[in-house]
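Structure, as structure tokens:
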Amino acid sequence: MVESFVFAVAAVVIVAGAVGVLVNRNPVHAALSLVATLFGVAVLFVALEANFLAAVQVIVYAGAIVVLFLFVIMLLGVDQSEDLDVEPLIGQRPAAIAIGVVLIIGLTGVVLTSSLTGAPAAHEWVRDGAEVAQIGRLLFTDYVFALEITSLLLLVAVVGAVTLARTIRGETVDLDEPVPVLPGDPVDLIDEDVE
Amino acid sequence: MIVGAVSAHLYLSLSALLFGLGAIGVMVRRNPLVMFMSIELMLNAVNLTFVTFARELDDLAGQVVVLFVLVVAAAEVVVGLGIIVSVLRQRPGATADDASLLRG
Amino acid sequence: MTPAQVLALDPLLIDVDWGVVGIVVLKVVVAFTLLLVSVLFMVWFERKAVSDLQNRIGPNRAGPFGLFQTIADGLKFFMKEDSIPDRADRRVFVLAPYLAAVPAFLVFAVVPIGGDFSDGNRGVIRIFGHDTLMQVADPPVGILFVLAMSGIAVYGIMLAGWSSGSKYPLLGSVRASAQMVSYEAALGLSVAAVVLFSETLSTNGIVAAQVPWGWNLWATGLVPFVIFLIAATAELNRPPFDLVEAEQELVGGFNTEYASFRFALFFLAEFMNVVTMSAIIVTLFLGGPAGPVLVGPGWMWGTIWFTVKLLGFLFLFVWFRATLPRFRYDQLMVLGWKVLIPLALGWFLLLAGLKVADGADWNPIAVVAVAAVGLLAGYGLLASALWAARRNRELEGEVSI
């Protein structure tokens with residue numbers, strides 16, 4: 001009974017957040033909707049008895065990734081609202097929505113019409129309250145190769161990000177380069193509709 | 001096997017819906033940052049599926065994979081945002097359609 | 001059913017026992033009140049202690065020793081006009097103070113504030129015929145919950161600055177997000193050292209592992225404690241890391257445009273964070289409520305020891321504020337990324353090596369020698385990388401030093 005209630009509330013939050021990401025013109029509002037979805041997923045993780053993953057989900061996604069999104073949005077001052085009416089490729093948007101809806105219907109249909117089967121568990125989940133230790137043991141035994149590869153991936157990502165973000169001072173500064181508009185600028189510079 | 005009150009089908013349907021919404025977001029939106037957020041939605045849908053199967057099949061490997069997905073998502077965001085920052089520095093207000101060349 | 005299970009409260013509430021629910025509600029109310037009262041006290045204490053350190057008198061009008069000054073200030077905030085700037089993003093502007101205040105409240109839920117931990121007890125007390133712990137909840141991933149909440153706390157500050165639609169708050173919030181994300185890594189790594197020794201993530205388990213005098217303060221060799229203290233100060237945006245609201249540079253920082261009740265919420269969140277973060281340090285490194293039972297009931301002494309340790313850290317934070325000048329922004333980033341994170345990582349590896357050696361009966365001196373060589377090599381690589389980067393920038397004419 002309680003799990004049904006938790007599921008219902010979390011599902012509403014998740015779907016509302018996802019729709020929010022899709023329809024919010026302002027990227028900061030979209031990022032906040034994304035946080036709502038991530039929290040909903042974390043709650044479902046708790047309902048699915050994955051406490052550790054729920055905590056990691058909040059720490060990594062909400063605490064780091066979305067903060068990084070917001071940081072980039074604020075740093076670059078790209079928080080102007082996107083004009084959703086402009087459609088460079090005629091008919092792309094309705095076609096995309098149609099494809100998406102077909103995808104949802106197809107996936108849901110497959111899920112609802114099939115019964116859940118699976119191979120016997122290769123890594124038995126012993127419910128002794130020490131799931132974190134079990135996950136750690138799996139990570140450093142059966143999945144140790146994957147673990148090392150992800151560490152390498154992180155290293156490559158860091159090096160890549162540093163290289164991309166680096167500016168070389170010797171370059172000449174382009175004076176015609178448009179300056180990003182910040183929220184504090186005089187009103188006439190802002191091309192968004194002020195309420 | 002402990003099966004909760006909510007059937008796995010419901011979790012998987014929700015996950016399918018979330019995945020579809022994320023896919024629509026990637027196809028419809030033109031702001032590169034919002035497209036990225038939509039990709040995060042899809043990744044979360046997949047994570048939810050993994051955890052659901054981990055509970056239903058009593059297999060912790062499902063949870064371990066989610067950890068890897070988290071790491072990959074973090075790496076992807078770091079590189080992706082780096083690219084977006086360098087594109088937007090050159091052309092503020094650029095949408096995904098504007099970045100059609102493989103050079104600045 | 002063991003008490004730990006009763007209180008870890010299986011999140012799905014499969015076996016609902018209404019007596020237990022009543023106790024949980026009672027504990028929530030008590031914790032909430034305690035926290036609010038301690039914030040009132042903390043604001044007064046900070047003003048009094050700083051004024052003493054600066055040879056001033058400080059608040060002395062409202063009530064004995066000015067004790068009711070905070071209440072008077074709070075009442076004043078409620079009476080003030082509430083304003084929203086024209087250029088503000090209204091929805092986010094209204095939401096931000098709550099995003100700052102709620103995580104501050106939630107962290108306190110996992111802090112053990114009392115209970116008898118002597119003679120192998122695990123801090124269990126008995127009320128109304130139910131065994132329970134003197135903390136609102138003891139989730140199996142308690143300390144990760146603390147890290148998660150401190151990750152969420154950054155949203156309130158970031159969004160407050162952005163939604164104000166004004167430049168100084170925006171600068172404050174951009175500073176805040178970079179600073180808090182940077183120091184979160186050092187914070188997490190020093191917590192990892194504690195978890196390595198306690199072998200559990202639950203806050204109750206971490207306290208029980210330190211009884212009676214095996215405090216993590218010296219068990220982990222002081223370094224993680226120092227790193228945690230510095231990183232926590234930065235996470236709290238307290239001086240000397242208060243670049244977020246540096247008055248001389250940014251007017252008032254992220255909360256410049258806030259007034260009245262919303263400003264009071266930020267103020268509340270800030271001081272609440274000081275109290276809860278001190279409580280977390282006490283729990284992680286100083287054995288929380290653990291201590292000798294002198295006379296009378298054991299659970300009472302738990303609370304007494306906890307309060308004494310907590311007061312020590314509250315004074316320490318005030319002392320920092322009164323004595324240390326503010327960091328420059330580049331110094332802040334250098335300290336975080338080039339000193340604290342490598343040091344925390346290296347120390348964690350050393351501790352892990354010693355722990356393995358302990359289990360495998362290796363010679364600890366040999367292990368320390370090998371580890372020292374390894375760490376020195378790592379430090380050499382880091383230093384040469386830093387030197388090369390600096391040299392490159394010099395060649396490009398970016399720095400002239």
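Not measured: the values here are computed from a predicted model.
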Atom group of A/Ala64 that falls short of 4.5 Å from chain C, counting heavy atoms: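 For A/Ala64, neither part sits under 4.5 Å from chain C.
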
Which atoms of A/Phe39 come close to chain C, meaning under 4.5 Å heavy atom to heavy atom: side chain ones, backbone ones, both, or neither?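 The answer is the side chain of A/Phe39.
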
Examine whether an atom of [X] lies under 4.5 Å from a heavy atom of chain A, and if so say whether it belongs to the side chain, the backbone or both; otherwise answer neither.
X: C/Ala153; value: neither
X: C/Ser173; value: side chain
X: C/Tyr168; value: neither
X: C/Leu171; value: neither
X: C/Val181; value: side chain

Taking atom CD of A/Gln57 and atom CG of C/Leu144, what is their separation to the nearest 0.5 Å?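 Between A/Gln57 CD and C/Leu144 CG, I get 13.5 Å after rounding to 0.5 Å.
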
To the closest 0.5 Å, what do you measure between CG (C/Leu201) and CG (A/Asn51)?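 C/Leu201 atom CG to A/Asn51 atom CG measures 10.5 Å (nearest 0.5 Å).
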
Closest approach of C/Met158 to A/Phe71 (non-hydrogen atoms, all atoms of both residues):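 It is CE-N, 3.7 Å.
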
Non-hydrogen atoms of A/Ala55 and C/Ala148 that approach each other most closely: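 What the structure gives for the nearest pair is O-CB, 4.4 Å.
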
Spell out, as yes or no, whether a donor-acceptor pair under 3.5 Å connects the side chain of C/Tyr155 to the backbone of A/Leu32.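 No, C/Tyr155 side chain to A/Leu32 backbone: no donor-acceptor pair under 3.5 Å.
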
Heavy atoms only, distances under 4.5 angstrom: which of A/Val60, A/Leu68, A/Val58 has the most pairs with chain C? Name it, please.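 If we count pairs closer than 4.5 Å to chain C, A/Val58 comes out on top.
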
I'd like to know whether C/Val141 forms a side-chain contact (heavy atoms from CB on, under 4.5 Å) with A/Val56, so could you lay out the CA-CA distance, the side-chain angles of the two residues, the decisive distance to 0.1 Å, and finally the verdict. CA-CA 10 Å; C/Val141 291; A/Val56 173; over 6 Å; no

